[in-house]
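Proteins get letters first, then strands, A, B, ... in listed order; numbering begins at 1 in each.
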Amino acid sequence: MQYWLMKSEPDEVSIDDVMSAKGKTVPWFGVRNYQARNFMRDAMQVGDGVLFYHSSCPEPGIAGIAEVVSGPYPDATQFDPRSHYYDAKATQEQPRWISVDVKGVRKTRLLSLAEMRTLPQLEDMVVLQKGSRLSITPVTPAQWKHVMALLKGD
DNA sequence: GCCAACGTTGGC
DNA sequence: GCCAACGTTGGC
């Protein structure tokens, strides 16, 4: 059992989109970075906890709690020429990119990036490190607990 | 829109 | 394998 922070642009998939999706579950598509892909492929397990983070938006920050509900499988968008995420070098036989399914647990108040940066308990979070751009980053149990406590009831 | 930081590509 | 050029991310 591990914990992750996963970034999504709310214009594309917001926490509200997840909570209103069928089964509150969405495929995590569009990851096109090998490090992030490898986390999904090699480390993530069903039941892992996810901090759902809104990025590239007016108020970036943690917007909800989710969980991993599938193992890795090929990301369908890599095969779709009309998709923004199309990858001509990917084939059905040899896919390059993968998805996992993520299920919304609950929407929370926004724990903004600015607030996160004020919390000493979170200062070592990978996502807060200078220059960190990875869309999927590990979260320690202590960090997870602290965020859960902060968002309890919100 | 700016720009720092990082990732990828491709020539050599 | 090196590394310059270019592309992307993402906060501000």
For nucleotides 2-12 of chain C, 5' to 3', base contacts (B), sugar-phosphate-only contacts (S) and non-contacts (-) with protein non-hydrogen atoms under 4.0 Å give -----BBBBSS
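A/Gln78 places no side-chain N or O within donor-acceptor distance of the main-chain N or O of A/Pro95, the cut-off being under 3.5 Å.
Other residues, nucleotides and ligands contribute more than 12 heavy atoms inside 6.0 Å of the CD atom of A/Glu115.
By the criterion of side-chain heavy atoms lying less than 4.5 angstrom apart, applied directly or through intervening Ile, Leu, Val, Met, Phe, Trp or Tyr residues, A/Val139 is grouped together with A/Leu151 in one hydrophobic cluster.
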Hey, mind stepping through A/Arg133 and A/Ser55 against side-chain hydrogen bond (donor to acceptor under 3.5 Å, both in side chains) and telling me if it holds? CA-CA 10 Å; A/Arg133 298 185 315 180; A/Ser55 68; over 6 Å; no
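Within the 4.5 Å cutoff, side-chain heavy atoms of A/Glu67 are placed close to those of A/Val69.
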